Amino acid sequence: MRMVDIIDKKRNGKELTDDEINFFIDGVVNGSIPDYQTSALLMSIYFRDMSDHERTALTMKMMQSGERLDLSDIPGIKVDKHSTGGVGDKVSIPLAAMVAAVGIPVPMISGRGLGHTGGTLDKLESIPGFKVEISKDAFIKQVAKEKLAIIGATGDIAPADKKIYALRDVTDTVDSIPLIASSIMSKKIASGTDALVIDVKTGAGAFMKTLEDSTNLAKALVAIGKGAGMQCMAVISDMNQPLGNKIGNTLEIEESIDLLKGKGPEDLKALILTLGSYMVLLGGKANNFEDAKRMLEKTIESSEALDRFRAMVDSQGGDARVIDNYRLMPHAPFRLELPAKKSGKISKLSADEIGIASMMLGGGRQKAGDSLDYGVGIELHKKMGDTVQKGESLMTIHSNNEHIEEVKQLIYQNIEISAEAKIPKMIYKIIK
Ligand code: URA
């Protein structure tokens with residue numbers, strides 16, 4: 001078999017055989033296929049797409065390129081959640097604690113942020129001492145005992161994805177449905193969960209900007225998950241504006257804990273209750289959505305979700321006193337207000353540029369390996385549809401210095417105040 005023939009076949013829009021896909025992935029992992037040929041095939045896939053059969057074959061082969069976790073020692077149906085990535089998206093942290101408090105084991109393997117989207121692991125590391133890299137055995141023991149753990153990929157999960165993702169990043173082939181779907185699902189199938197709810201973001205701050213593309217991605221993800229024998233479904237949710245009111249690592253942990261104390265913002269709570277209710281249904285703990293939602297609400301009222309979060313922080317070496325004293329986490333020395341330039345209603349609050357602004361403050365990485373400033377970020381006082389008076393503060397910027405003209409300019413360019421404004425829907429569609 002020759003790689004050039006495989007590229008030619010896909011370039012001409014033909015379906016690849018399982019053997020050809022296997023040859024490609026084996027060659028990527030053992031280094032026998034050079035990056036320029038891999039990139040050429042990725043670009044051909046980007047333009048020619050893949051059939052359902054090809055997408056499943058690619059995912060399974062990428063999954064088999066590394067290790068697959070065996071979670072069978074943990075009793076019960078294990079349920080995980082994955083998000084395609086957003087700004088202010090701290091959902092995983094309170095959600096895992098709430099679902100665990102219902103009695104469902106949540107073995108969550110999360111990622112770091114890159115570009116304008118934040119990563120759950122980075123946020124958790126603003127808690128002093130919190131370890132996201134723990135051994136496979138410690139992970140399994142913790143999920144069995146405490147019902148939840150949130151960690152980074154252990155050992156050797158889907159090494160083919162690591163190589164392919166790095167090439168996609170530099171060949172502008174990231175936003176391709178078969179490539180995103182195989183990347184996400186190869187890792188999730190390898191992580192050993194029984195069931196998965198996927199939060200597919202749509203809008204200005206998402207990889208998929210239109211509802212049509214987001215729906216196609218959601219369908220592809222669910223089809224692959226089911227094909228691999230996993231219970232799988234997707235929720236399509238809004239990413240036109242940031243989720244919740246806080247963006248930045250420490251700030252997002254504060255908002256997550258607030259939510260577990262019953263004080264979080266409404267949009268974040270609505271999304272968590274929707275995703276969580278489906279997780280409770282897949283975990284077999286409720287018969288209908290309303291019952292599942294009620295069970296989750298009770299975990300906040302009874303503080304059981306907060307107890308689960310405290311147990312996770314303790315088990316993973318973190319200082320759980322942060323729950324009662326946010327000052328124990330890093331904070332930026334300057335708080336700068338951004339006043340509205342006119343009165344009206346907020347009609348645009350662009351998620352991606354607010355994410356980029358937070359990154360420019362030092363809260364995100366410009367490139368892989370950059371170190372983070374946990375204390376910086378943005379605290380929104382107004383969201384889309386809210387009324388604002390000229391001079392009133394739109395947001396507080398938490399910064400390490402007072403000279404942030406570029407950041408302020410970027411934010412002003414991406415906020416619109418008009419006479420009328422629509423509040424975007426939080427949940428667009430459910431794909432089962
Ligand atoms: N997340 C992933 O893991 N892979 C992608 O391709 C996109 C989002």
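No experiment lies behind these values; they were computed from the predicted model shown. Ligands are counted one by one from 1 in listed order, and the atoms in each one are counted from 1 as well.
Every residue two or more places apart in sequence or in another chain was checked for a salt bridge (charged side-chain N to carboxylate O under 4.0 Å, His left out) with E379, and none qualifies. For K9, the salt bridge (charged side-chain N to carboxylate O under 4.0 Å, His left out) criterion is met by E20, not counting sequence neighbours.
A donor atom on one side chain and an acceptor atom on the other are not found under 3.5 Å apart for K209 and T202. Using modelled atom types and a 3.5 Å distance limit, the side chains of K429 and T215 yield a donor-acceptor pair.
Residue contact check: R168 has heavy atoms under 4.0 Å from atoms 6 (O) of ligand 1.
Looking at atom 8 (C) of ligand 1, its nearest protein heavy atom turns out to be F207 CE1, 3.7 Å. The single protein non-hydrogen atom nearest to atom 1 (N) of ligand 1 is I184 CG1, 3.7 Å, given as residue, atom name and distance. Protein heavy atom at the shortest distance from atom 4 (N) of ligand 1 is S183 OG, 2.7 Å.
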Checklist entry - Going through the distances and angles, do D373 and L361 end up as a side-chain contact (heavy atoms from CB on, under 4.5 Å)? => result CA-CA 8 Å; D373 226 330; L361 291 166; over 6 Å; no
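Taking distance alone, with nitrogen or oxygen atoms compared against 3.5 Å, K187 approaches ligand 1 more closely than that limit.
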